[in-house]
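Reviewing the structure listed below.
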Amino acid sequence: LDPIDIINMCHVYPHQWAKLYYVFKTSIINKIDNFFRDYFGTHYNEFRTEMIKSKAVVSGSFILQTVLGLLEKLVQKQQ
């Protein structure tokens, strides 16, 4: 499910907030990870290793743009 679908489910099942929050968080992490996997392709493991070594953090508008699918569209236009 996309993050927006999970948010909508919170309105329908408010008593399941804790479970839905976990699914929401996991969905966002997977979406960001998939973006990097697609973008770096065979170099993904190198990228991930360097991110860990440098203690880099993905934050702010990058996360928001990834969740909304804006970066995927931008990269597709550039290719």
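Everything quoted here is computed from the prediction, not taken from an experiment.
Side-chain contact between Arg48 and Met51 is absent, with no heavy-atom pair separated by less than 4.5 Å. By the 4.5 Å heavy-atom criterion applied to side chains, Asp38 and Tyr44 are not counted as neighbours. Counting heavy atoms from C-beta outward, Lys19 and Val23 have side chains that stay 4.5 Å or more apart.
The environment of Phe40 atom CZ is dense: over 12 non-hydrogen atoms of other residues, nucleotides or ligands sit within 6.0 angstrom.
Note: Phe36 and Phe62 have parallel aromatic rings, judged against thresholds of 30 and 60 degrees for the angle between ring planes.
Summarising the geometry, atom CD1 belonging to Ile29 is positioned 9.0 Å from atom CD1 belonging to Ile63; distances are rounded to the nearest 0.5 Å. Within the model, atoms CD1 of Ile28 and CG of Leu64 stand 9.0 Å from one another, a figure rounded to the nearest 0.5 Å. Rounded to the nearest 0.5 angstrom, Leu20 CG and His15 NE2 are separated by 9.0 Å.
Between Ile32 and Val58, the closest heavy-atom pair is CG2-CG1, 4.5 Å.
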